[in-house]
Amino acid sequence: MLQPILRLALPSPLRRLFDYLPPVGIAVSSLKPGMRLRVPFGRREIVGVLVEIVDHSDVPPAKLKPALEALDSQPPLPPELFKLCLWTAQYYQHSLGDTFSWALPVLLRQGEPAETRQERFWHAAKGARPEDPRLSRAPRQREALKTIAQHPHGVAHSLVSQLQLSKDSLDQLLQKGMLRTETRRSHDIKRHQGSWLLQPELPLNQEQRAAFEAINAGLDGFQTFLLAGVTGSGKTEVYLQLIHQVLEAGKQALVLIPEINLGPQTLARFEKRFNARIALLHSNVNDRERLDAWLAARDGEADIIIGTRSALFTPMKNPGLIILDEEHDASYKQQEGLRYHARDLAVVRARQENLPILLGSATPSLESLQNAHSGRYALLKLTQRAGGAQAPRFLRLDVKSRPLDSGISGPLQQAMAQTLAAGQQVLVFLNRRGFAPSLLCHDCGWISQCPRCDARMTLHQRHNELRCHHCGHAERPLHSCPDCNKLDLRPVGAGTERAEERLGTIFPDYPVLRIDRDSTARKGSMEQLLTTINRGEPCLLVGTQMLAKGHHFPRVTLVAILDADGGLFSADFRASERMAQLIVQVAGRAGRAEEPGKVIIQTHLADHPLLVQLTEQGYFAFADQALSERRAAGLPPFSHLALLRAEAQKPGQAEDFLDQACSQAEQLLEQLGISGVELLGPVPAPMERRAGRFRAQLLLQGNARAPLHKLMGVWIPLVEALPGSRTVRWSLDVDPIDLF
DNA sequence: AGCACGCCGACT
DNA sequence: GTCGGCGTGCTC
């Protein structure tokens, strides 16, 4: 046989494989696709993934280098996951090597052995004594050495902080040769024993039972279920009982949740219910724990895997079910690098591995609803709230030609006063942080423009600064106008800070609690706010969409939405969908059995058909209406989009680049005889300048996926080869969720 | 993306 | 005289 050639995917944005000779002294027959190899790349050494072994390379033999070493004796990534990565790279037109980087735990892509439960243990070195003169002026190191010496089998690194040892002292001792470390398995494989349930299952109502039985009957193969359950309808109980069935069948369940929901409550609920090994994968889990959880899932040593977006790529030895909660949530879509949608990929994965998948939401995305309508997904509805709680009543409050007092109209103030007087709580929703979205000179019209973006800087009174929410630029607000020097600078519009301040003045007898990214930035401050709220005394909560997620406020009976109009006349075609989901989710925080909640929506467009549908007929009526509008306009899910974005230092550069890319695409469409794909643009981005860079975009719209992907498959490699692709920063977003 | 090379402006 | 700005080119 000719010299075998290894084709590797490397962590680089380049959309191609790189050829290497096998490492010296290694039997090629021992190498299998999916194994990692350390290779020289330019002047660096990196870790690549073997994709295939071929007997010919187009690269001149002189350029071929041997790989340095094989890092695995078995491919760390099971074939199903390897296949999913191939599919992902192809679908999102992304570099395969970089796709592996997003899918694999950090430590694996850095070349760490793919082995479970290896842990570093600290041991006292032979002859090391605390009385050593080198430690005479290092009392903490001396104490550390004493502590370590008390443990003949060593101290596991994970216990270091519990034993009041500091890593610094240990490192110092290690350098002095007074400690040594050893890496070994930290504990034996945990086995599952006994019953799966720790507490009895809750009784299901008729709807829950119907949903449970429908899905339970479909647990043995691929099928997508859409569980549309209003807030409080007991979706989670259905999840838990299905997972129980999966566990009884000796299989594993993967549960994906949005970023914001990974509060301890989710985990607590699972841990209370199940005697099962639960692996947790989210952004606050460190690299080592993440790898261990990943390996435990892969090797069948975890029964339930709970995680956010990227946990989608967790391999499972005996997969039985995928659940994706709050499937409409935008945090499932990655917005940088590999721009994948975990919901869409989860369905692909379920199909590839012949698994059932359950998507749940009170406000399903229009995409998923359309899939249900077309019969691809099985739709299951839960319409009753637990404990007989009633659905909130909606009221559209027309504020056209009504004066607003820091964004709050008179009738709304009266409704608030009544609610508070009745001893209940009020929730005020406003999707804008800060005091005011801009500062205006009443004399000459100067406005607080961000110097680096086409956006206004928001006034944050608490920190006494003007801050741009798009690039983070901040400056001190001046007392006089920088243009005309007059002193008449006025804040325009209202954010949560201003609403908080104003409400405090209007209702001096009640506490006002603000809940947004600024007020909850400090650790523990959210918990503190929740404790106060749960005490149940009448108060006003003011906040952004943080209020809409996860927490329930049983004492809130009035929800005020200060401004719904942004969702009704935005340039973004998804704005109304997002607005509707937000309104329903916020409304869902309120009300209980004895007292239905009331939701007051301030709007200038009280007769807008979408808003009328939503408030009078509910979310599904809204969705039908919105879907027929999308169909008429040829927008997703009735067409498919891809967005080529570009940004550059100088004006016009990004557009020039996209112009060239656009000509290439036009040519290809003709050459390949592709029809059903339209090129829209290039145009400047809706916010042309951001963080000092000029941005433009080219939108591709396909009437079906096939022609769009056929084009992209040949086109994107050409775009990559364009001369401008170095000076211009560009990215492709397949199925973008926003067009900014 | 990294990383190096290379060619022009303001500094010890 | 050099430090360093970012344009250009390459990575098997």
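Please read these numbers as outputs of a predicted model, since none were measured by experiment. Every chain is numbered from 1, with letters handed out A, B, ... down the list of sequences.
- Among pairs with a residue in residues 711-726 of chain A, those fulfilling salt bridge (charged side-chain N to carboxylate O under 4.0 Å, His left out) read A/R15-A/E720, at least two apart in sequence or across chains.
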Return the polar atom pairs (N/O with N/O) between nucleotides 1-4 of chain B and the protein under 3.5 Å, or none.
none

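- With sequence neighbours excluded, no residue satisfies side-chain hydrogen bond (donor to acceptor under 3.5 Å, both in side chains) with A/S12.
- Here A/R16 lies in heavy-atom contact (under 4.0 Å) with a base.
- Within the 4.0 angstrom heavy-atom criterion, only backbone atoms of the sugar-phosphate kind lie near A/P40; the bases stay farther away.
- Note that the first and last nucleotides of DNA chain C, 5' to 3', having any atom under 4.0 angstrom from a heavy atom of chain A are C/dG9 to C/dC12.
- With sequence neighbours left out, the side-chain contact (heavy atoms from CB on, under 4.5 Å) criterion links A/N703 to A/P707.
- Judged as a side-chain contact (heavy atoms from CB on, under 4.5 Å), and not counting sequence neighbours, the contacts of A/A9 are A/L17, A/V51, A/L96, A/F100.
- Applying the salt bridge (charged side-chain N to carboxylate O under 4.0 Å, His left out) test to every pair with at least one member in residues 72-82 of chain A, sequence neighbours left out, gives these pairs: A/R36-A/D72.
- Under a cut-off of 6.0 angstrom, the local environment of NZ in A/K333 is crowded, with over 12 non-hydrogen atoms contributed by other residues, nucleotides or ligands.
- For A/R290, the side-chain hydrogen bond (donor to acceptor under 3.5 Å, both in side chains) test picks out A/S310, with sequence neighbours left out.
- Of the residues in residues 24-39 of chain A, none has a non-hydrogen atom less than 4.0 angstrom from any atom of DNA chain C.
- Each salt bridge (charged side-chain N to carboxylate O under 4.0 Å, His left out) pair with one or both residues in residues 642-656 of chain A, not counting sequence neighbours, appears once here: A/R645-A/D733, A/E647-A/R693, A/E647-A/R729.
- Among residues two or more places apart in sequence or in another chain, the side-chain hydrogen bond (donor to acceptor under 3.5 Å, both in side chains) test is passed with A/S169 by A/S166.
- Within the structure, salt bridge (charged side-chain N to carboxylate O under 4.0 Å, His left out) contacts touching residues 671-686 of chain A (residues at least two apart or in different chains) do not occur.
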